[in-house]
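Read the structure below first, then the notes.
Not measured: the values here are computed from a predicted model. Atoms considered below: every heavy atom in the structure, side chains included; atoms not considered: hydrogens, waters and symmetry mates.
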Amino acid sequence: MKGIGIGLISSVMITFIVTVIVSGSFGGSFEIKGWLWLLQTSVVPLVLCCGISGYCKGFIGSTKLKFWLICASMGFLSVLYMGTIGAIIASGFEFGLENINVIGYLQWGPIYALGFLPVSTMIAAAIQFYFQNRLKQ
């Protein structure tokens with residue numbers, strides 16, 4: 001239960017920080033619409049990853065290879081969900097399902113997941129390290 005709560009809090013914080021950094025980098029102002037879209041696509045994978053981490057006690061005592069394989073799989077599945085199902089749902093809320101390119105999301109989602117695998121693996125590892133440090137206390 002603690003992992004699900006941390007997943008909800010981290011999804012709100014991470015998406016807010018990403019939205020502020022990206023909008024500030026490109027000279028734009030903070031858009032609540034963009035942040036809500038990112039939050040809708042990322043809340044489910046982050047809650048699931050943090051919930052699994054909390055359930056498995058942060059994978060304390062696992063080997064380094066097993067740790068990085070778990071982080072890579074969690075990162076890949078999170079980005080895959082965000083790029084396909086999450087994007088379809090969030091865009092469907094905004095534009096209606098008949099006005100979005102569902103096939104395009106399903107085709108490009110796995111490509112994005114593979115392309116962002118190094119970044120998503122590092123983010124998953126950071127979440128796992130956080131859990132390991134919090135659970136040792």
Less than 3.5 Å apart, which donor and acceptor atoms pair up between the side chains of residues 96-113 and the rest of the protein, not counting sequence neighbours?
residue, atom, partner, partner atom, Å
N99, ND2, F95, O, 2.8
N101, OD1, G104, N, 3.0
Y105, OH, S91, OG, 2.9

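- A125 approaches C71 most closely through the heavy-atom pair CA-SG, 3.5 Å.
- Each salt bridge (charged side-chain N to carboxylate O under 4.0 Å, His left out) pair with one or both residues in residues 82-94, not counting sequence neighbours, appears once here: K33-E94.
- L114 is linked by a side chain to side chain contact (heavy atoms under 4.5 Å, CB included) to F76, counting only residues two or more places apart in sequence or in another chain.
- Here the closest non-hydrogen pair linking G75 and A124 is N-CB, 4.3 Å.
- Applying the side chain to side chain contact (heavy atoms under 4.5 Å, CB included) rule to A90 yields the partners W37, Q40, T41; only residues at least two apart in sequence or on another chain are considered.
- Within the structure, no pair that satisfies the salt bridge (charged side-chain N to carboxylate O under 4.0 Å, His left out) test touches residues 110-121, not counting sequence neighbours.
- M122 contributes atom CE, which lies 4.5 Å from atom CH2 of W68 (distance to the nearest 0.5 angstrom).
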Can you give the donor-acceptor pairs under 3.5 Å from side chains of residues 77-89 to other protein atoms, not counting sequence neighbours?
residue, atom, partner, partner atom, Å
S78, OG, M74, O, 2.8
T84, OG1, L80, O, 2.6

